[in-house]
Amino acid sequence: MTGGFCVPVLLAAWLAAAAAEGLEQAALPAEESRVQPMTASNWTLVMEGEWMLKFYAPWCPSCQQTDSEWETFAKNGETLQISVGKVDVIQEPGLSGRFFVTTLPAFFHAKDGIFRRYRGPGIYEDLQNYILEKKWQSVEPLTGWKSPASLTMSGMAGLFSISGKIWHLHNYFTVTLGIPAWCSYVFFVIATLVFGLFMGLILVVISECFCVPLPRASSERCEQEQSPGEAQGAEQLQDAEEEKDDSNEEENKDSLVDDEEEKEDLGDEDEGEEDEEEDNLAGIMDEERSDTNEQGVVKEGSVSPKADEAHPADTQDMVEDSLRQRKSQNANKGS
């Protein structure tokens, strides 16, 4: 009986001690994190001293795996003489745009306002060696428009901030108010069109205010206020241009007349040549006819009348062919 009674008593005592220890641990305050949250209002702190920043999202599993390592790294920040911060990209979309974060988690090193991307693992030993051995000196810094402090990245931060606000507003419509998603899309489309029309109206008003056209009365006054010398010079220039135009027209007319006269002279010469050729051909035909007649008298018995009639016809055809060739040649020359 004694042994059976002791077991429950010991079990109850052990449970009471465990409960008391749990209460004591719960009563102890949680250990304060050494990681400093960075926001759009205090991010300029990284422009001074040496910093390591981590960009994360609460839903990112890879980010959650490096949380303990990052906390350990932040605890030893005093010995490493470095400050450690973190940025929630869901709450601070502007900072993610300023650093142009495209993957999570993302780590950055900052030394006196010069930023570099850390692409190693988020393990404490690697982070510690990166600082102690100054491996960041071999990494190309983000300079020029890529620097988070540049004007370009400031504009990028503004765009990311606007997109984050639109996303939160969309979630408010669809989750909190229970509005269908397509209604939210229609609302943003209409808002975009109205905003564009409003900005266009503002630009038109600004252009009308700063680019005022001169009235007609002022332009007429300016013309009247021109000096007499300038007016005379303009008149002289106009007269000289008119004289040049008249002289050019006269020269063109003279050249046309000369061309026509030359064509007429060539035509007369061609006609004279044709007449001469016709006279020569007529003389040749007469001579040939006389020769044929004489031959016919001498050889009365040897040649038949048919042959005497064929020979003059052949000669006439040859003459006509030669005349046609000459006329065609003259026509080609005239053209």
Side-chain angles (χ1 to χ4, degrees), residues 32-171:
E32 185 179 359
S33 175
R34 299 294 181 89
V35 180
Q36 185 174 355
M38 307 304 295
T39 61
S41 59
N42 67 349
W43 82 272
T44 53
L45 294 175
V46 301
M47 301 294 292
E48 298 178 358
E50 190 171 6
W51 284 77
M52 284 292 290
L53 295 179
K54 172 187 175 183
F55 288 81
Y56 73 100
W59 48 263
C60 175
S62 299
C63 301
Q64 295 172 2
Q65 291 176 1
T66 58
D67 285 344
S68 60
E69 299 288 340
W70 198 251
E71 289 290 340
T72 304
F73 180 61
K75 290 177 182 179
N76 295 317
E78 294 182 359
T79 57
L80 298 173
Q81 296 181 355
I82 189 172
S83 301
V84 180
K86 62 180 180 179
V87 180
D88 186 355
V89 297
I90 303 299
Q91 300 296 328
E92 300 295 334
L95 283 180
S96 64
R98 185 180 291 276
F99 286 81
F100 202 69
V101 176
T102 56
T103 58
L104 293 176
F107 303 97
F108 287 87
H109 174 268
K111 177 71 173 177
D112 297 330
I114 299 174
F115 297 88
R116 293 175 175 84
R117 180 75 179 264
Y118 172 73
R119 300 185 181 277
I123 301 174
Y124 169 70
E125 288 78 7
D126 293 329
L127 294 170
Q128 185 178 12
N129 294 330
Y130 184 79
I131 299 301
L132 293 176
E133 298 177 7
K134 295 184 179 181
K135 294 181 180 180
W136 50 266
Q137 292 180 350
S138 61
V139 180
E140 183 179 1
L142 301 176
T143 57
W145 65 271
K146 296 180 180 180
S147 175
S150 65
L151 183 63
T152 305
M153 287 304 171
S154 297
M156 188 70 71
L159 291 176
F160 272 64
S161 298
I162 293 172
S163 65
K165 291 178 181 179
I166 292 173
W167 182 75
H168 285 299
L169 186 61
H170 174 72
N171 287 338

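Keep in mind that what you see is a predicted model, and the values were worked out from it rather than measured. In this chain, numbering begins with 1 at the start of the sequence shown.
- Contact annotation: the side chain of Y118 never approaches that of W136 to less than 4.5 Å [non-hydrogen atoms, C-beta and beyond].
- E50 has its side chain within reach of I131: a pair of non-hydrogen atoms, C-beta onward, lies under 4.5 Å apart.
- The two atoms that bring S96 and V89 nearest to each other are CB-CG1, 3.9 Å, heavy atoms only.
- In this structure, R116 contributes its side chain and H109 its backbone to no donor-acceptor pair below 3.5 Å.
- Taking CG of D67 as the start and OG1 of T72 as the end, the distance is 10.5 Å to the nearest 0.5 Å.
- Interatomic distance, OG of S163 versus NE2 of H170, reported as 13.5 Å (0.5 Å rounding).
- Within a 6.0 Å sphere centred on CD of Q64, heavy atoms belonging to other residues, nucleotides or ligands number more than 12.
- Across all their heavy atoms, W51 and L45 have their closest contact at NE1-O, 3.3 Å.
- To the nearest 0.5 angstrom, L127 atom CG is 10.5 Å from K135 atom NZ.
- Taking every heavy atom of both residues into account, L95 and A40 meet most closely at CD1-N, 4.0 Å.
- Atom NZ of K111 has more than 12 heavy atoms from other residues, nucleotides or ligands within 6.0 Å.
- Within the 3.5 Å criterion, the main-chain N or O of Y124 finds a donor-acceptor partner in the side chain of E69.
- In this structure, the side chain of N129 does not engage the main chain of D126 through any donor-acceptor pair within 3.5 Å.
- Contact of the Y130 side chain with the V139 side chain is registered, since non-hydrogen atoms from C-beta on lie closer than 4.5 Å.
- Between L53 and F99 the shortest side-chain heavy-atom distance falls below 4.5 Å.
- Going from atom CD1 of I123 over to atom OG of S68 covers 10.0 Å, rounded to the nearest 0.5 Å.
- Taken from CG in L159 to CZ in R98, the straight-line distance is 11.5 Å, to the nearest 0.5 Å.
- A distance of 5.0 Å separates CE of M153 from CH2 of W145, quoted to the nearest 0.5 Å.
- With no hydrogens or angles considered, no side-chain donor-acceptor pair links T152 and S150 at under 3.5 Å.
- Within 6.0 Å of atom CD in Q137, more than 12 heavy atoms from other residues, nucleotides or ligands are found, so the atom counts as buried in its surroundings.
- Residues W43 and E92 have side chains not in contact (no heavy-atom distance under 4.5 Å, counting atoms from C-beta outward).
- In this structure, the side chain to side chain donor-acceptor pair (under 3.5 Å) partners of T66, at least two apart in sequence or on a different chain, are K54.
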| query | Is there a side chain to side chain contact (heavy atoms under 4.5 Å, CB included) between F108 and L142 once you walk through the steps? | reply | CA-CA 10 Å; F108 287 87; L142 301 176; 3.9 Å; yes
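- In this structure, A74 and V35 approach most closely via the heavy-atom pair CB-CG2, 3.5 Å.
- Side-chain atoms of E71 and S33, non-hydrogen and from C-beta on, do get closer than 4.5 Å to each other.
- Closest heavy-atom contact between F115 and P148: CD1-CD, 3.6 Å.
- For the ring pair (Phe, Tyr, Trp, His ring centres under 6.0 Å) criterion with F107, the lone passing option out of Y56, F55, W70 is W70.
- Taking every heavy atom of both residues into account, C63 and A57 meet most closely at SG-N, 3.8 Å.
- Residues L104 and S62 are not in side-chain contact: their nearest non-hydrogen atoms beyond the backbone lie 4.5 Å or more apart.
- No more than 12 heavy atoms of other residues, nucleotides or ligands sit less than 6.0 Å from atom CZ of F100.
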